[in-house]
Number of protein chains: 2
Amino acid sequence: MKYHKIPDETIKRMPMYLRAFSILKTQNQETISSQQLAERLHLNPPQIRKDLSYFGAFGTRGIGYPVSSTAEQIRSILKLDVSQQAVLVGAGRLGTAIASYPGFSMFGFDIAAIFDNDNNKIGKTIGKNLVENVAEIVTLKARNIRLAILAVPANAAQGCADALIDAGIKGILNLSPCYLNVPKRVKVITIDIAMELGILPYYI
Amino acid sequence: MKYHKIPDETIKRMPMYLRAFSILKTQNQETISSQQLAERLHLNPPQIRKDLSYFGAFGTRGIGYPVSSTAEQIRSILKLDVSQQAVLVGAGRLGTAIASYPGFSMFGFDIAAIFDNDNNKIGKTIGKNLVENVAEIVTLKARNIRLAILAVPANAAQGCADALIDAGIKGILNLSPCYLNVPKRVKVITIDIAMELGILPYYI
DNA sequence: TTGTGGTTGTGCTCACAATCACAAGCAAAC
DNA sequence: GTTTGCTTGTGATTGTGAGCACAACCACAA
Ligand SMILES: NC(=O)c1ccc[n+]([C@@H]2O[C@H](COP(=O)([O-])OP(=O)(O)OC[C@H]3O[C@@H](n4cnc5c(N)ncnc54)[C@H](O)[C@@H]3O)[C@@H](O)[C@H]2O)c1
Ligand SMILES: NC(=O)c1ccc[n+]([C@@H]2O[C@H](COP(=O)([O-])OP(=O)(O)OC[C@H]3O[C@@H](n4cnc5c(N)ncnc54)[C@H](O)[C@@H]3O)[C@@H](O)[C@H]2O)c1
């Protein structure tokens, strides 16, 4: 494909493809056609082909996509081929669940530090990490960590985000139900679980 | 506005509007213009006006939208004006966090029951609910509950979904990283937290 | 070497959503 | 009353992504 801006929607689907190819690899399937993959993911085959072709020609005509090498390609496109360190801020209910969730490792994520401002939580161990004082966020500067997961109450989210960005964080997964004001160079993805649930009754 | 199919994207934004109007109400602000609201939510003013106008003319020209009555209108549109009962399946790390989260009440949600298949968890109390055996899901038929939150491992999700649908559930918020196969009348919203995180490194 | 079945890669078309621009309309002041 | 200032509601326009159809291509068999 000649020069094309890669659609945001395509990027959003890439981790889904990566997960699918990773699972296929554990099942020792060597190739998969866009048709088969589309059935698994409930998409249209041309959608998948177009998405992948934005990044090059990974498939073999008449055969399909080689599972193992395509997985590696996608991993590299998403920069998940190197282990990505992330910090967690907020060791509350949701933060604790996330800190002990093993599922992030499939994408190469590693929770490298946890911060909270509650003295009852600071010093406790969650998974392999000790909960540190939020004041220690500044020390991230030296550690070259670029990703953060925010699981603090909504009214504390902006303040924490500012501190994180100040400490060199470039991407934030925000779980609080609020908009974060950040410089353009910082990418924020917000997941508001209650809001998603709020959509359901309309449809039923 | 004459007859128009309401865009899905508009529906997705409605809970965000509801949250904003609810907060404004607690701050005793009586009216808000699309301009002001757009600044808060980081949208464009015409976007908000068009979204709201799909459902009727709520605003006053020259003034803006009356906070209190518009909040009520949106609540009614989303069918959140009556308390919506929901059940939770999976009382693990994430399920426990959700069961004890007070934030759902802003949208009128109420966790009415919790199910698990682990004998160590069945019988325990989380929030105001006793954890019941998954086998009891059938009893939901009699209780007229239509919403469910699924927080079980991915390989158990489809089975639980089938049981829930069989018991009369019409909408599912699925937190497992997998596609759920359901009849067309059932609405599923899937949130895959790890996948969302997987998007970040690409942009940074 | 050539033919065949099957699947990819992609230009084109269509559908949908975001944005714009402005007429319509209300409130408050005079 | 009438005028002024401001904001809504909406047709028209633009932008973006999804879907389709088919040419290009590969592997393999004969
Ligand atoms: N629990 C859920 O199921 C759920 C669902 C949807 C959204 N959320 C959102 O996720 C966020 C966290 O929710 P939760 O249920 O884990 O809340 P929580 O109260 O259990 O945990 C919040 C944690 O953040 C810490 N904290 C507060 N202020 C801080 C600060 N300034 N710096 C550092 N740490 C601070 C607290 O000490 C606490 O440990 C909230 O914004 C909530 O709205 C939670
Ligand atoms: N914890 C996280 O931060 C996180 C993040 C992203 C996604 N998820 C997803 O959310 C889901 C739950 O995650 P978790 O961390 O809470 O896992 P968990 O293992 O802590 O909890 C799962 C719960 O489901 C129960 N369960 C298992 N099979 C069941 C069945 N057939 N019927 C009823 N209950 C059953 C288990 O007994 C357990 O209590 C998983 O699909 C996970 O991939 C979790």
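Every heavy atom of this structure was used, including side-chain atoms; hydrogens, water molecules and symmetry mates were not. Naming convention: chains lettered A, B, ... in sequence-line order (proteins, then strands); numbering from 1 in each chain.
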Report task. Enumerate the residues from residues 17-24 of chain A whose closest heavy atom to DNA chain C is under 4.0 Å, giving them by residue number; use none for an empty result. Result -> none
Query raised in the report: Is B:Y65 near enough to C:dC26 that one of its side-chain N or O atoms lies under 4.0 angstrom from OP1 or OP2?
Result: no
Requested in this report: Ignoring hydrogens and angles, tell me if any N or O in the side chain of B:N133 forms a donor-acceptor pair with the backbone of B:A135 under 3.5 Å.
Outcome: yes
Query raised in the report: Could you state the OH-P distance from B:Y54 to D:dT8, rounded to the nearest angstrom?
Result: 17 Å
Query raised in the report: Does D:dT7 have OP1 or OP2 sitting under 4.0 Å from an N or O in the side chain of B:S34?
Result: no
Query raised in the report: How many Å lie between CD1 on A:I48 and P on C:dT7, as a whole number?
Result: 14 Å
**Report entry** Full working for side chain to side chain contact (heavy atoms under 4.5 Å, CB included) between B:I6 and A:Y202
**Finding:** CA-CA 12 Å; B:I6 295 162; A:Y202 177 83; 4.0 Å; yes
Report summary line: Whether each nucleotide of nucleotides 17-27 of chain D has a protein heavy atom under 4.0 Å at its base (B), only at its sugar-phosphate (S) or at neither (-) is summarised, 5' to 3', as SSBBB--BBBS
Query raised in the report: A:Q29: what forms a side chain to side chain donor-acceptor pair (under 3.5 Å) with it, not counting sequence neighbours?
Result: none
Query - Counterpart residues, ring pair (Phe, Tyr, Trp, His ring centres under 6.0 Å), relative to A:Y179 (two or more places apart) - result: B:H42
Under 3.5 Å, side-chain donor or acceptor atoms of residues 160-172 of chain B against the rest of the protein: list the pairs with distances, not counting sequence neighbours.
{"residue": "B:D162", "atom": "OD1", "partner": "B:Q158", "partner atom": "NE2", "Å": "2.9"}
{"residue": "B:K170", "atom": "NZ", "partner": "B:G168", "partner atom": "O", "Å": "3.4"}

Query raised in the report: Taking only residues two or more places apart in sequence or in another chain, which ones pass side chain to side chain donor-acceptor pair (under 3.5 Å) with A:R143?
Result: none
Report summary line: Residues passing the side-chain contact (heavy atoms from CB on, under 4.5 Å) test with B:T96, sequence neighbours excluded, are B:I126
What pairs of nitrogen or oxygen atoms, one from the protein and one from nucleotides 1-4 of chain D, lie under 3.5 Å apart?
none

Query - Residues forming a side chain to side chain donor-acceptor pair (under 3.5 Å) with B:R13, sequence neighbours excluded - result: B:Q47, B:D51
Requested in this report: Nearest whole angstrom, please: distance from the P of C:dT7 to the CD of A:Q36.
Outcome: 8 Å
Requested in this report: Return the set of residues passing side-chain contact (heavy atoms from CB on, under 4.5 Å) with B:P7 (not counting sequence neighbours), or none when no residue passes.
Outcome: B:T10, B:Y54
Report task. Scan for side-chain hydrogen bond (donor to acceptor under 3.5 Å, both in side chains) pairs involving residues 71-93 of chain A, sequence neighbours excluded, and state none if there are none. Result -> A:S22-A:R75, A:Q85-A:D110
Report task. Determine which pairs satisfy ring pair (Phe, Tyr, Trp, His ring centres under 6.0 Å) with at least one residue from residues 90-114 of chain A, sequence neighbours left out, and list them in order. Result -> A:Y101-A:F104
**Report entry** Distance in angstrom units between B:L41 CG and C:dA18 P, rounded
**Finding:** 14 Å
**Report entry** Rounded distance in Å - NE2 (A:H4) to P (C:dT10)
**Finding:** 9 Å
